[in-house]
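Notes for the one structure printed next.
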Amino acid sequence: MTTRVLLLGGTAEARELAAALAGRPETVVVSSLAGRVADPRLPVGEVRIGGFGGPTGLTRWLREHRIDVLVDATHPYATRIRSSAVQATGATGVPYLRLERPGWTAGPGDRWHRVADLAAAAELLPRLGRRAFVTTGRQGLGAFLHLTGVRLLVRVVDEPTIPLPENVTVLRDRGPYRVAAERELLTAHRIDVLVSKDSGGTYTMAKLAAARDLGLPVVLVDRPAPLALPATVTEVAAALAWLETAPPRR
């Protein structure tokens, strides 16, 4: 009997899980990407790109494609699709699993300032430095553009589509990154404060080590308040184990 899995992806963990499931003869995996990056890293197997049209559209898609299990391995800050997935699986009886890597934990020498959201990060930023390295993504960039007296080096995957003031410099790049290279980047641009989301994982954590090495403060945006989810794991191995014994579709 074939099991059809919808994998909401876009993360390294989602690609790892897709590759592991691709070798199973009785499993069909469809990886779904939001389409917010022009040239995304594609997982192994079948891929669809684009939104579903909210909970109603996702509910319809699950039924039309006879999905047996949904695994949500989206970015920790992708709250909209997560809410849609919980509602759609509740409406269809499709088992839901959340795969989310743990957040980062401060260690000796870290000077982290945790804030609730991007607006709070922008408010705190001028009190900590005048040359900021902002790595919170293209879509949240607007929260910082009103700041004056602060130089912003923003690292994004795709070019921002909104007009940028003269105090903003764009650096297009994506991880994984190395600590030595991140340290050189911060030094070359005379950065005195780092702004980041608490994304977790290893792809982008090198910037935190570099900031620690240089004694720089870090403004770290906390993850959104968690939803009540049917099942959650933090590692791909645990997701694979859960899929072995997943409850049947209701």
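Position 1 is the first residue of the sequence; numbering continues from there. All values below were derived from every heavy atom in this structure, side-chain atoms included, with hydrogens, water molecules and symmetry-related copies excluded.
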Across all chains, not counting sequence neighbours, the side chain to side chain contact (heavy atoms under 4.5 Å, CB included) partners of P217 are R111, H113, L128, V193
With E123, which residues qualify under side chain to side chain contact (heavy atoms under 4.5 Å, CB included), at least two apart?
-> R127
Pair R183 + D213, salt bridge at N-O below 4.0 Å | yes
Rounded to the nearest 0.5 angstrom, the CG-CG distance for L153 and L171 is 5.5 Å
Results of side chain to side chain contact (heavy atoms under 4.5 Å, CB included) for T56 - residues two or more places apart only = R60
Check ring pair (Phe, Tyr, Trp, His ring centres under 6.0 Å) between W61 and all other residues, then give those that pass, not counting sequence neighbours.
-> F52, H65
At what distance, to the nearest 0.5 angstrom, does CZ of R98 lie from CG of L70?
-> 11.0 Å
Mind checking side chain to side chain donor-acceptor pair (under 3.5 Å) for T135 and listing every partner two or more places apart, or none if nothing turns up?
-> K207
Tell me, please, which residues at least two apart from T232 pass side chain to side chain donor-acceptor pair (under 3.5 Å).
-> none
Distance col, row L58:CG vs R63:CZ, nearest 0.5 angstrom, shows 10.5 Å
With a 4.5 Å heavy-atom cut-off, do P165 and L145 have their side chains touching?
-> yes
Quick one: do R172 and D158 make a salt bridge, cutoff under 4.0 Å?
-> yes
Not counting sequence neighbours, list each pair that qualifies as a side chain to side chain donor-acceptor pair (under 3.5 Å) and has a residue in residues 214-225.
-> E100-R223, R114-D222
Taking atom CG of D110 and atom CH2 of W104, what is their separation to the nearest 0.5 Å?
-> 11.5 Å
Can L186 be reached from V150 by stepping across I, L, V, M, F, W or Y side chains whose heavy atoms are under 4.5 Å apart?
-> no
Co-members of the apolar cluster containing W242 [side chain, <4.5 Å] = V5, L7, L17, L21, V29, V69, V71, L97, L99, V233, V236, L240, L243
Side-chain contact test, heavy atoms from C-beta onward, threshold under 4.5 Å: evaluate it for F133 versus V195 and give yes or no.
-> no
Heavy-atom side-chain contact between T148 and N167 under 4.5 Å | no
Test item: L6 and S32 side chains (from C-beta on) under 4.5 Å apart, heavy atoms | yes
May I ask you to check whether over 12 heavy atoms, not counting those of R190, lie within 6.0 Å of atom CZ?
-> no
Flag the pair V218 / L208 as yes when at least one side-chain heavy-atom distance between them is below 4.5 Å, and no otherwise.
-> yes
Side chain proximity check, V30 to V47, heavy atoms < 4.5 angstrom = no
Hey, could you give me the OG1/NZ distance between T204 and K197, rounded to the nearest 0.5 Å?
-> 11.0 Å
Applying side chain to side chain donor-acceptor pair (under 3.5 Å) to E244 and not counting sequence neighbours gives R24
Do L8 and V44 share a hydrophobic cluster, counting only Ile, Leu, Val, Met, Phe, Trp and Tyr and linking them when any side-chain heavy atoms are less than 4.5 Å apart?
-> no
From Y96 atom OH to D72 atom CG, the distance as rounded to the nearest 0.5 Å = 3.5 Å
List for me each residue that meets side chain to side chain donor-acceptor pair (under 3.5 Å) alongside R4, sequence neighbours excluded, and say none if there are none.
-> none
Output all residues satisfying side chain to side chain contact (heavy atoms under 4.5 Å, CB included) with P226, sequence neighbours left out; order by chain, then residue number.
-> none
Partners of Y177 by ring pair (Phe, Tyr, Trp, His ring centres under 6.0 Å), sequence neighbours excluded?
-> none
Heavy atoms, side chains only, cut-off 4.5 Å: are R101 and P76 in contact?
-> yes
Side-chain touch L164/L141, heavy atoms, less than 4.5 angstrom = yes
